[in-house]
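Written below as structure tokens is the structure these notes are about.
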Amino acid sequence: MRFVIVTGMSGAGKTTVLKALEDSGYFCVDNLPVPLITKLVQLTSDSNFNNDKVAVGVDIRSGEALGELSDILNGMREIKFNFEILYLDASNKALVKRYRETRREHPLAQGGNLNDGIDEERRRIDFLSKMADYTIDTTGLLTRELKREVLKIFSNDVNYSNMIVTIMSFGYKFGIPQDADYVFDVRFMPNPYYEEDLRRKTGNDQEVKDYVMKAKESGKFLKMLEEMMSFLIKENTEKEERHQLVIAIGCTGGRHRSVTVANELYDRMQGLPYSFRVFHRDIINDSYVKGEM
């Protein structure tokens, strides 16, 4: 039996996670009243229950009863009932943006200040974040990326780390990413922009990749970057208990060199026990293709 409790901040993606688990064969119940969790445990433990994978969504909508959850979970551990807690989080800025886009009302805002409601929710469910077996920060994740991370844990049984590393390419002419933890400048590499047959291509094209990587300094830089980031990611994971790390790689326009290096670094880091995503922020900017330098 695999029993998963999906919880976390409102707007962080619980509905998406439960749908992904349901699609992969889990029996899912959302917003189950806290006092009924014990009943669900008894039901699913019965030999007549025909599914050995169960997921239940619990969050701030449980109201005052949420305070009883800690005792219930401790009781489940006392009787040796195995369960896992997945905690979904996101930055306040991301949560505010999501609520405003969907025009939903936060459960604790009640027509008042949204930020205050989010802060109060964090305070009330802090005990769950501390009890969690897995934490996913969904701040920068697309829906498909969140689904992929969830299935890694609960369907593919990957040895999962709570750290999600984003490798981002960008163009300096459009500004340095504000959420970057590490920024690297690759404008010293050969620039495909000055090759007429490569100008309208990107670092996702093999011809551009070959052009950039043919320079000795490109390969040397990537080797050192791989070694350094392997070390720094491990240090951030073990010492700072972070869930998100952004590595930003920039060139002039964000279409050629930075894209090539970001893709190369992404490929080289796959052997590490962390989740990686690659994101090309400025790759489709038309002004650069038109030659507006």
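When only modelled atom types and interatomic distance are considered, Arg255 and Thr202 share no side-chain donor-acceptor pair under 3.5 Å. A side-chain N or O of Asp210 and one of Gln206 form a donor-acceptor pair less than 3.5 Å apart. For the 3.5 Å distance criterion, the side chains of Asn115 and Asn92 fail to qualify, holding no donor opposite an acceptor. In summary, the side chains of Arg257 and Thr252 do present a donor paired with an acceptor at a separation below 3.5 Å, with no hydrogens or angles considered.
Although no hydrogens or angles enter the test, the distance criterion places no donor-acceptor pair under 3.5 Å between the side chain of Tyr193 and the main chain of Leu198. In this structure, the side chain of Lys53 engages the main chain of Ser24 through a donor-acceptor pair within 3.5 Å. Listed for the Arg124 side chain is no donor-acceptor partner under 3.5 Å among the backbone atoms of Leu66. In this structure a side-chain-to-backbone donor-acceptor pair under 3.5 Å is missing from Asp137 to Gln244. Side-chain N or O atoms of Asp181 include one that pairs as donor or acceptor with a backbone N or O of Val246 at under 3.5 Å. Under a 3.5 Å cut-off, the side chain of Ser218 and the backbone N or O of Val212 do form a donor-acceptor pair.
By the side chain to side chain donor-acceptor pair (under 3.5 Å) test, Glu84 is found to be paired with Arg2, Tyr134, residues two or more places apart in sequence or in another chain being considered. With sequence neighbours excluded, no residue forms a salt bridge (Lys or Arg N to Asp or Glu O under 4.0 Å) with Asp205.
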- Stepwise salt bridge (charged side-chain N to carboxylate O under 4.0 Å, His left out) test for Lys130 and Asp126: CA-CA 7 Å; Lys130 293 175 180 176; Asp126 182 61; 3.0 Å; yes
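In summary, Glu226 and Lys223 do not engage in a salt bridge, as defined by a charged side-chain N under 4.0 Å from a carboxylate O. Note on Asp89 versus Arg122: salt bridge recorded, some NZ/NE/NH1/NH2 to OD/OE distance being below 4.0 Å.
The hydrophobic cluster of Leu142 has no other members, since no ILVMFWY side-chain heavy atom comes under 4.5 Å of it.
The residue from Lys97, Arg98, Arg104 that alone fulfils the side-chain hydrogen bond (donor to acceptor under 3.5 Å, both in side chains) condition with Glu101 is Lys97. The side-chain contact (heavy atoms from CB on, under 4.5 Å) test with Leu108 is passed by exactly one of Arg123, Arg61, Glu121: Glu121. For the side-chain contact (heavy atoms from CB on, under 4.5 Å) with Tyr182, the lone residue among Leu245, Ile167, Ile249 that qualifies is Leu245.
Taking the six-membered ring wherever Trp is involved, the centroid distance between the rings of Phe170 and Tyr172 falls below 6.0 Å.
Following chains of ILVMFWY side-chain contacts shorter than 4.5 Å, one can reach Ile79 starting from Leu69, so the two form part of one hydrophobic cluster.
For Lys14, the NZ atom is densely surrounded, since the number of other residues' heavy atoms within 6.0 Å is greater than 12.
Residues Ser275 and Lys152 are in side-chain contact: their nearest non-hydrogen atoms beyond the backbone lie under 4.5 Å apart.
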